[in-house]
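What you see is a predicted model, and the numbers here were worked out from it, not measured in a lab. Numbers restart at 1 for each chain; the letters A, B, ... are given by sequence-line order, proteins then strands.
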Amino acid sequence: MRYPFSDIEPKWQRYWDEHSTFKTTEDPAKPKYYVLDMFPYPSGSGLHVGHPEGYTATDIIARYKRMKGFNVLHPIGWDAFGLPAEQYAIKTGIHPAVTTKQNIETFRRQLKMLGFSYDWDREVNTTDPKYVKWTQWIFSQLYKQGLAYIDEVPVNWCPELGTVLANEEVPEQQEKGYTVIRKPMRQWMLKITAYAERLLQDLDELDWPESLKEMQRNWIGKSVGAEVDFAIDGDEKIRVFTTRPDTLWGATYMVLAPEHPLVAKITADGHREAVDNYIEKASRKSDLERTELAKEKTGVFTGAYAVNPVNDERIPIWIADYVLINYGTGAIMAVPAHDQRDWEFAKTFDIPMREVVSGGNIEESAFVDAENGVAVNSDFINGLKYEEAFEKVVQWLEEKGLGKRTVNYKLRDWLFSRQRYWGEPFPVIHKEDGTHKLLPESELPVTLPEMESYKPAGTGESPLATVPEWVNTTDPADGAPAKRETNTMPQWAGSCWYYLRYMDPHNDDRFLDPEREKYWGMVDLYVGGTEHAVLHLLYARFWHKVLFDIGAVSTKEPFKKLVNQGMILGEDGRKMSKSFGNVINPDDVVRDYGADTLRLFEMFMGPLEQVKPWNTKGVEGVHRFLNRVWRLFVDESVENEARLDPAIQDVEPDEESLRILHKTIKKVGEDIEHMRFNTAISQMMIFVNEMNQKDVRPLGVMKQFVLTLAPFAPHIAEELYSLLSFFSEDISEDERQSRYSESVALAGVELSVSNEPWPEYDERYTVDDTIELVLQVQGKVRDKIQVAKGTSREDLEKLARESENIRKHIDGKEIVKVIAVPDRLVNIVVKG
RNA sequence: GCCGGGGUGGCGGAAUUGGUAGACGCGAAGGACUUAAAAUCCUUUGGACCGAAAAGUCCGUGCGGGUUCGAGUCCCGCCCUCGGUACCA
């Protein structure tokens, strides 16, 4: 019988479902392992081949760890709020919950089709009111900690559409000719900046890719410097932030951000029109435009002057949009000789520059080298290098009360509200006196109202604002009229804590039972794409730390080890996309080759972290391999039924079989631990190639091989294992299947590859007795000989000198040196 | 620009961290089986030279240097490429 993947795969999926084979165990005698996939958004287009890449990797680990005796938590669920369902609802009037449910069903079917060993009893869904309740609860904790506040923040407002756009929507709408402007609106903010330092520091102890940690560090953007006050006419002063207080003497002008509050106050009469014009122009630029047009420096002089505190020099104050209002103090001292941006600005507007750090050529460009520069023209710090100069100036400023050491972060507070329907409502009401308060926990969850239409309110508010019977409510505390918050939470909210809910998914009394939390602790392995390198991972870490601070979790970080899987490109080497017509649908692959083939191929393509192109021929290659595996066990001459090949015999294994088996067990196990799935598979291919040549394939050897294959290709492994389980009995396929199924009742154990321990290898069989020794002259391979393992240096050297080929190269020459590395090589160095 | 990853056969990729470069797979070529095809199996497959063959010699891991008995691996300087980020003072 030929490899019947389309029969056996659904059969075993049903078997695992019926037997709850992958139900999470919490046996206190065993160690735990928590392996997690990044939360999928159930889009309408279903799974693409990128999903199963990471999922297969984690599934292999999960299955392997179970076999190694761990309690494994390997869950899945749905990050199901989000824009697409809402946009579809606006177009069709169909409730987003309906589309979401359909999409989830598709995803679930596809994941089951691939044989992933998730504990489906722990499936979570962010849109489920039972889940929403606890998302709102966590928000309440943030609120109580003073980490949530309301602010007027500019959003992307599109007047024609009467709606606020997400950043990623902006270019799309602009292409259609709509205008998008920055409009300040009332928004919820989360004070992630309060955690900036800890988010930065704690990165060090995480087992994450260095590149990703670096991205987070850059995003947090810590810089150490000083705030310095510059006096201006009247009692006012301008405070600036600088990382180079040692260049204060080189400040030849100042710049305020156009939005800086002092601008109106200081602008001299003759300059008011120009300044107002500039401010007006800058305000109409979106963030994008402001950075896209970054090449040319623009700005205007305010007519005002400030006094440089180190030398009492009067310097002009400009406004320019290269200074950003929301970084530092929104104002800078400009040192054109030692800052490239200031240099460009000064060149454009013909402002003088003064060299205060020697070592460069400021005619050509700003000199910013802090390592080699030495202070000049700088009074009491002349001759000092950067670090010393910095310290001395800061100390001086602090003594005089003119400034102080300061740390700044690029990281901004998190804009945490969206003007949308399909998201979690805030558990907040607004009182008539303008104050707001949390709803008590007993009122949670606040659920979404049914809608006539999902169109935005037109005012910039969410569609919820158009439902007065939902908006108008009373304060449960005093019965006074109140209005509900109409913003909803962003999609990040649900995905910020889902990994915690998996530990205790059905708890209606608490978001997570402390015992459960302590048991499962950190996620041991987290696998997902780089697209979440910064935001999701930073937000989740932030929430986790807040929960840690209130004692709700016991670890300060959520994810111990993190691995990014590389993208899978189309066969043409381009990103898979409908417009290129190069999208591979996993359904098609499974139909044509089976789930085991898809799993195996995705792992065989190359290292998990790497970007790699799809290759249909390669799929056929691994499919061929599984066919070979099948034929290693199954007698193809028997029709319609899988019967063991007569070559499988219950005999004492021969030395050769043991060697290849133990090498394979060792390599595959080690490769799984290091997530080198591609080389694990090639080792199994080597095993199959060798055993294929044997007329007798010892039962014990073959059984253990099936177990090593099981994490990768669980369906075929389960089928072969069931065959081997009844080796000595001549029974029909149906009987075999039913006895296997009823094994729990019959023998007290459920038969499944998943319940078998990972095979042990014997080191003895993994090393060969004889080794091919390389003989070199001048580092060039001249001969190879077989020697017994462990042959001494002296003997190796003697053998080398006896080699004819070696003699050819050394005869008549002076031997300078002989390097003999046991079990590896001999290298003879000669002269002349 | 800055930060990070990566350049190895026709292709995807191996190479125990300084010790046989090219495992395994794909593709290609030849052969067996077959009326034929598919499937399967066997052989060959980095390049050049030499040879009837066996063997042998030289070149070869983006480029140029260096360290070393020995470099894909370490050091210095470049080039290309992919990701991230971008006026963050």
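Comparing B:rG13, B:rC42, B:rG19 against the side chain of A:I819 picks out B:rG19 as the nearest. Of the candidates B:rG19, B:rC87, B:rC41, B:rG19 carries the atom nearest the A:V821 side chain, counting heavy atoms from C-beta on.
Salt-bridge check for A:K191 with A:D413: failed, with every basic side-chain N at 4.0 Å or more from each acidic carboxylate O. Salt bridge A:E797/A:R801: present, at least one basic N to carboxylate O contact under 4.0 Å.
As judged by a 4.0 angstrom heavy-atom cut-off over every strand, A:R412 is placed among the base-contacting residues. Using a 4.0 Å heavy-atom criterion, one finds that A:H338 contacts no nucleic acid atom at all. Counting non-hydrogen atoms under 4.0 angstrom, A:P209 reaches nothing in the nucleic acid. Across all strands, A:N805 comes closer than 4.0 Å only to sugar-phosphate atoms, never to a base (heavy-atom distances). Residue-level contact check: A:T329 touches neither bases nor backbone, having no heavy atom under 4.0 Å from any strand.
OP1 and OP2 of B:rC82 both lie 4.0 Å or more from every side-chain N or O belonging to A:R574. Phosphate proximity of B:rG84 to A:N218: absent, as no side-chain N or O sits under 4.0 Å from OP1 or OP2.
Between the side chains of A:D768 and A:T770, no donor-acceptor pair is found at a separation under 3.5 Å. Defined by atom type and a distance below 3.5 Å, a donor-acceptor pair is missing between the side-chain atoms of A:N692 and A:R697. In the model, A:E620 has a side-chain atom that pairs as donor or acceptor with a side-chain atom of A:Y593 under 3.5 Å.
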Contact pattern, 5' to 3', of nucleotides 20-28 of chain B - B, S or - by protein heavy atom under 4.0 Å: B--BBSSS-
Going through the checks in order, is the side chain to side chain donor-acceptor pair (under 3.5 Å) test met by A:Q683 and A:T664? CA-CA 6 Å; A:Q683 181 60 36; A:T664 301; 3.2 Å; yes
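Rounded to an integer number of Å, the gap from A:N627 CG to B:rA38 P is 17 Å.
Between A:Q693 and A:K817, the residue whose closest nucleotide on RNA chain B is further toward the 5' end is A:Q693.
Aromatic rings of A:H662 and A:Y761 (six-membered ring for Trp) have centroids beyond the 6.0 Å cut-off, not under it.
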Taking only Watson-Crick and G-U wobble pairs with both distances under 3.5 Å, what dot-bracket line describes RNA chain B, where [ ] shows pairs that cross earlier ones and | shows pairs with another strand? (((((((..(((......[....)))((((((.......))))))((((......))))..(((((..]....))))))))))))....
